[in-house]
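For reference, the structure is listed below as structure tokens.
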Number of protein chains: 2
Amino acid sequence: MRDRSSPPTRAGRPSVSASLDIVLCTPQGRALAVLLTPAPAAGRERWMLPWVAMTGAQQLDESAERLAGESLGARPSWIAQVGAFGDDKRHPGGAALSIGYVAVTPGRDRHLAAGAQWHAAGALPALAPRQKAIVDSSVASLRERMDTAPVAFRLLPPTFTLTDLQEVYELLLGRRVHKASFRRSLQAAWLVEPTDEWRSEGRGRPAQLFRYAPRKRRGGRRGVRFELPGG
Amino acid sequence: MRDRSSPPTRAGRPSVSASLDIVLCTPQGRALAVLLTPAPAAGRERWMLPWVAMTGAQQLDESAERLAGESLGARPSWIAQVGAFGDDKRHPGGAALSIGYVAVTPGRDRHLAAGAQWHAAGALPALAPRQKAIVDSSVASLRERMDTAPVAFRLLPPTFTLTDLQEVYELLLGRRVHKASFRRSLQAAWLVEPTDEWRSEGRGRPAQLFRYAPRKRRGGRRGVRFELPGG
DNA sequence: GAAATAGTGTCTCTTAGACACTATTTC
DNA sequence: GAAATAGTGTCTAAGAGACACTATTTC
């Protein structure tokens, strides 16, 4: 039987075993990839999300950033908390409670932690149920936050073509986007500026490289939209 | 000095003291109100959010719902997790880690827990810094989720006038909304249906009562919008 | 020139918001 | 009738998407 709860400390204050788990994401072709590390042989699954046990002395965000850095071999370009996960789902470390973080990085040519590999988010190997839930919430969280945080830009290197950017948006939205409309919206938002560089990718006309350079704050006066799921 | 971390258990598994804190919200005039309970005299602040210590044996969502029910004297009409809060901020119970939940309820004529009172969200008394952060995130979370969850409807009784509904939207959005436009959007979304009842509120033409009855799933094909904060 | 990719001009349709109006109640 | 609140018809401007086009490269 798994030990999921812990006895009170001597002081009488109840405490729980807790972990901090991270979902590192990068674009891989037209899909997202997630970084997994080999799981200890004792476990049921062969792969797991990078995680650390929480000791209570740590800062949440700081610990997440450190764990991400160690797993990736470099600082992630964006990181955010996804939430707390408990319930009955099993965690590889037997933690009663897990705090999930999601982070993104543009490149995959890093010095990954030993044995770590990228796996397509749509075809992940078996994970402990708790970690599967964290991955699902993290991907959903990326989709929700791309409106209000520069997630798409952080999935790209500092300079990128507009087609690159559109493909990241399509990847996150899970649908195709109209090219001309996409570019008009982007121009109206004053989020990118052109560089002097062009990239030639085999055949076809070379594309101009842009960089993320938000200029002004949009009114944010989005209309009232009722996007609730119907009955 | 506060005891914020806990020693490892006998089994050697690190553990932390953790709390579950809830932000109960209800509309109060044109503003949101939050339920607070009297804090123990020992603490620095006179009020606090309802919270419980986590033991690790509990389910997160279930515990939150129970705590909300006990504080409110009735089940909340909607509840969701906001996130995990740690960092250096002090919690009334000295917990090293706190899981925040936000819940809403339409009415304020409940059998509240002893001493509990509603306080306007814009003018809260002093709270422990951790709990202040949880309140701020909870209110922001309500604003973000009203697009995708029926938060506004759960802040209203089962039947309501369209003016009631519009006022809740204005309260959550923090800005005025155009009446005709609001009603057109609402009609297009097939989210409410009229009842046979009308409510006369003193002077003026009586308003028809509606109920929340989502009918069909909208395409959800919202265009790409870049609402990132500008530099 | 063919193929491929980048980038743009114009049209239409939807919709948020402004404005002005009608409708029904209490005083 | 005046005041107050509920509810609606019409116009305009913005913007998303369709379509078709031009531009520049490799083969």
Side-chain angles (χ1 to χ4, degrees), chain A residues 29-30 146-147 156 159-170 172-211 216-228, chain B residues 29-30 146-147 152 156 159-170 172-211 216 218-228:
Chain A
R30 296 267 176 153
M146 62 183 294
D147 276 351
L156 290 170
T159 64
F160 47 84
T161 69
L162 296 188
T163 300
D164 289 341
L165 183 61
Q166 181 173 342
E167 282 173 357
V168 169
Y169 267 88
E170 291 176 342
L172 290 173
L173 290 169
R175 64 181 174 89
R176 300 303 303 275
V177 162
H178 189 263
K179 183 170 65 164
S181 185
F182 179 79
R183 291 172 183 222
R184 271 194 307 263
S185 294
L186 188 60
Q187 191 154 38
W190 290 91
L191 285 177
V192 300
E193 67 183 16
T195 70
D196 290 340
E197 292 176 284
W198 298 73
R199 180 200 295 164
S200 190
E201 201 84 55
R203 262 206 271 222
R205 172 174 168 178
Q208 189 166 20
L209 290 175
F210 288 75
R211 75 167 62 88
K216 68 174 182 187
R217 182 172 296 275
R218 296 220 321 160
R221 282 276 164 140
R222 168 186 90 180
V224 178
R225 298 207 171 186
F226 301 94
E227 302 190 349
L228 308 185
Chain B
R30 297 265 176 154
M146 61 184 294
D147 277 350
L156 290 170
T159 63
F160 47 83
T161 69
L162 297 188
T163 300
D164 289 342
L165 183 61
Q166 181 174 342
E167 282 173 356
V168 170
Y169 267 87
E170 291 176 343
L172 290 173
L173 290 169
R175 63 181 175 91
R176 301 301 305 275
V177 162
H178 189 263
K179 182 170 66 163
S181 185
F182 179 80
R183 292 175 183 220
R184 273 194 306 262
S185 294
L186 188 59
Q187 190 153 39
W190 291 92
L191 285 177
V192 299
E193 67 184 16
T195 70
D196 291 339
E197 292 175 283
W198 298 72
R199 179 201 294 164
S200 190
E201 201 84 55
R203 260 207 274 223
R205 171 174 169 178
Q208 189 166 18
L209 290 174
F210 289 75
R211 74 167 63 88
K216 68 174 183 187
R218 297 220 320 161
R221 284 275 164 143
R222 168 185 94 182
V224 179
R225 297 204 171 188
F226 302 96
E227 304 190 349
L228 308 186

Let me confirm one number: the CD-NE2 distance from B/Gln166 to B/His178, rounded to the nearest 0.5 Å.
9.5 Å
Give the rounded distance in Å between these two atoms: CD of A/Glu201 and C1' of D/dT24.
15 Å
Contact class for A/Thr161 vs. all strands (heavy atom < 4.0 Å): base, sugar-phosphate, or nothing?
nothing
5' precedence on DNA chain C between A/Trp198 and A/Gly204 (nearest-nucleotide basis)
A/Gly204
OP1 or OP2 of C/dT5 versus the side-chain N and O atoms of A/Arg203: is any pair under 4.0 Å?
no
Within the pair B/Arg183 and D/dG7, is there a side-chain N or O less than 4.0 Å away from OP1 or OP2?
yes
May I ask you to check whether A/Phe182 and A/Tyr169 place their ring centres under 6.0 Å from each other?
yes
Watson-Crick or G-U counterpart of C/dT15, or none if no pair lies under 3.5 Å
D/dA13
Please tell me if A/Thr163 has a side-chain N or O lying less than 4.0 Å from either OP1 or OP2 of C/dA6.
yes
Is any side-chain N or O of A/Arg199 under 3.5 Å from a base N or O of D/dT25, one able to act as donor and the other as acceptor?
no
Mark yes when over 12 heavy atoms from residues, nucleotides or ligands other than A/Glu201 sit less than 6.0 Å from its CD; otherwise mark no.
no
OP1 or OP2 of D/dA16 less than 4.0 angstrom from a side-chain nitrogen or oxygen of A/Ser185, does that happen here?
yes
Partner nucleotide of D/dT25 by Watson-Crick or wobble geometry (both distances under 3.5 Å):
C/dA3
What's the spacing between B/Arg183 CZ and B/Leu165 CG if we round to 0.5 Å?
9.5 Å
On DNA chain D, more 5' by nearest nucleotide between B/Lys179 and A/Pro206 is B/Lys179
Atom CZ of B/Arg205 and atom P of C/dC21 are separated, to the nearest Å, by 18 Å
Output for pair (A/Glu170 CD, A/Thr163 OG1), nearest 0.5 Å, gives 9.5 Å
Provide, to the nearest angstrom, the distance between the CD atom belonging to A/Gln187 and the P atom belonging to D/dA14.
16 Å
Let me know the distance between CG of A/Leu186 and C1' of D/dA16, rounded to the nearest Å.
15 Å
Rounded to the nearest angstrom, tell me the gap between atom CD in B/Gln166 and atom C1' in D/dT5.
13 Å
Mark yes or no for a side-chain to base donor-acceptor pair under 3.5 Å between B/Arg184 and C/dG17, with no hydrogen or angle criteria applied.
yes
Comparing A/Gly202 and A/Phe182 on DNA chain D - which has the more 5′ nearest nucleotide
A/Phe182
Please report the distance, rounded to the nearest Å, between CG in A/Leu209 and C1' in C/dG7.
15 Å
Rounded to the nearest 0.5 angstrom, the CG-CZ distance for B/Leu209 and B/Arg199 is 5.5 Å
Remember a base hit wins even if backbone is also touched, and classify B/Gln208 as base, sugar-phosphate or nothing at under 4.0 Å, heavy atoms.
sugar-phosphate
Students often get this wrong, so: under 4.0 angstrom with heavy atoms, is A/Ala207 touching a base, only sugar-phosphate, or nothing?
sugar-phosphate
Take the protein atom CZ of B/Arg175 and the nucleotide atom C1' of C/dA16, then report the distance between them rounded to whole Å.
10 Å
Between the base of C/dA16 and the side chain of B/His178, is one N or O donor paired with an acceptor at under 3.5 angstrom?
no
